[in-house]
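All residue numbers refer to positions in the sequence shown, counting from 1. Order of appearance sets the numbers: ligands from 1, and atoms from 1 within every ligand.
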Amino acid sequence: MIKKLSTKERMALQRTKMPELDPQIRSRNFEEVNQGLNEESAIQEAQRCLRCKNRACVGGCPVQMSIPEFIGELAEGNLVQAAKILRHDSALPAVCGRVCPQEVQCESKCIRGVKSLPVAIGYLERFVADWALKNREKVREEISPTKTGKKVVIVGCGPAGLTAAGELSRRGHEVTIFEALHDTGGVLRYGIPEFRLPKEIIDIEVAGLVEVGVKIECNVVVGKTLTLDQLREEFDAIFIANGAGLPQMLNIPGENLKGVLSANEFLTRVNLMGAGRNENVATPIIKGHHVAVIGAGNTAMDCVRTARRLGAERAMIIYRRTEAEMPARKEEIHHAKDEGIEFVFLTSPLKIIGNNENWAQFLRCQKMELGEVDSSGRRRPQAIPKAIEDIPVDVVINALGTRANPLLTSTAPELKLNKFGNVEINPETGETSLPGVFAGGDIVRGGATVILAMGDGKKTAESIHNYLRQK
Ligand code: FAD
Ligand code: SF4
């Protein structure tokens, strides 16, 4: 029996801390760092929520999830109801509970944050979603929609594609996903490491889709194996959700030396192909002792923490601005510091210097200082004359971001793109310049977030459904 608390008692409750693995131990293995709340602490945290009338937290969520409602059910111990609310709003709550930047979204707007700390919405989402994964039969909704006989194809099996597949299949359409890689999940599998997002969660979500009849074909590169025109002939509608996986280059001398990798290559080899953990894999990876990761976003943090786990003595973030401007999640920065990651701020790479055998040996850097505020509202870094430093390295990882991969779009010249190579859509419907061809997620937005990709998948599935009904 859960004790009802007065407002005063609820206000007195302190934010629950997330239990974490010991940094000394976890920095040498790939186990999940955040261990999750137990039921007692989750319910206590849920009791901190004031169920505010104006639902400020909802305004901070890119997909307007029913946050006070699911937390309200949890606070009363109604886990089935809480899980159903979450599942209605989000296709992948166990993923979002782990990787969404809540501190700049829902939690940044939470009213409890004004006088103390915001309600730990992300921890609660994760708790309820994990509970639901373990109690699937209790939350399963038996839906047997009338089959429409319409065939939809989805290009790409990341969060946008997976979400759209679920939504379309529950409306009775026949859904096929074509995925270029040999496994599902997109960035969730090949990009985000196991210590932040266990692959088991993606496996369960994908299995759920297959159970309801979604067909998934891996190793199909649309634009190479099949063209968009071929898909248009065979299917009634197409959803392009192939992400933005093309690495941006550093464009500095020495980029082609051995030991210099893109973040995508490094993370894909480790996460998708098991390199690094086993010497006998088909695509092993160079395990650096002194690893420099260039960049300051989530991808850079994932790379540097992975390098540390692979045995690097010095695993460094090289960033031309300061910690205050780092785009990575605060939690990742905090975890990285605890794991012994070095942050080399106000430092901009000029050149990678190789040894006689063309292996990277030094990263030559320009030291910077912050100048005037620029158009982005941040103080612009500027070079300090003659302040040059050579940092010893054996591996350099470029984590400067990614762009749209032109593999598909270059084979479909009628598809309208913007100047960055992203697919242009009607923002209301998600439809591209080609009738019946829709797009969403990173291929439209450029590198964004999981929740935005999922939101696109959900909204566009609704548009595709309307399109098919009218067809
Ligand atoms: P993707 O996840 O990129 O999936 C696209 C899929 O399409 C891929 O599987 C790809 O192989 C496939 N594909 C590509 N081309 C073709 C083709 N021609 N034919 C068939 N299939 C194709 N966001 C967060 O919210 N929080 C985080 O903590 C976070 N961390 C991140 C860490 C890393 C390392 C990276 C790279 C990104 C991170 N992001 C994070 C961003 C987030 O993962 C993406 O915004 C999101 O995955 C985009 O989803 P998507 O479905 O549009 O594309
Ligand atoms: Fe609860 Fe905070 Fe949302 Fe108010 S703003 S309903 S306290 S989570």
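Between Glu179, Met301, Glu332, Arg196, it is Glu179 that holds the heavy atom closest to atom 12 (C) of ligand 1. Considering only non-hydrogen atoms, atom 2 (O) of ligand 1 lies nearest to Val187 out of Val222, Ile177, Val187, Thr184.
In terms of N/O distances under 3.5 Å, ligand 1 is approached by Asp442. The shortest N or O to N or O distance between Ala160 and ligand 1 is below 3.5 Å. Residue Ile443 has no N or O atom closer than 3.5 Å to an N or O atom of ligand 1.
Of the protein's non-hydrogen atoms, Cys57 SG, 2.3 Å is the one closest to atom 3 (Fe) of ligand 2. In this structure, atom 2 (Fe) of ligand 2 lies nearest to the protein heavy atom Cys110 SG, 2.4 Å.
The distance from ligand 2 to the heavy atoms of Leu50 drops below 4.0 Å at these ligand atoms: 1 (Fe), 7 (S). Atom numbering of ligand 1 starts at 1 in the shown order; those under 4.0 Å from a heavy atom of Gly441 are 52 (O). Each of the atoms 6 (S) of ligand 2 lies under 4.0 Å from some heavy atom of Pro68.
Atom 3 (Fe) of ligand 2 lies at 2.8 Å or more from every N, O or S atom belonging to Cys52.
Both the sub-6.0 Å distance and the 45° axial angle are not jointly satisfied by Arg305 relative to the ring of Phe195.
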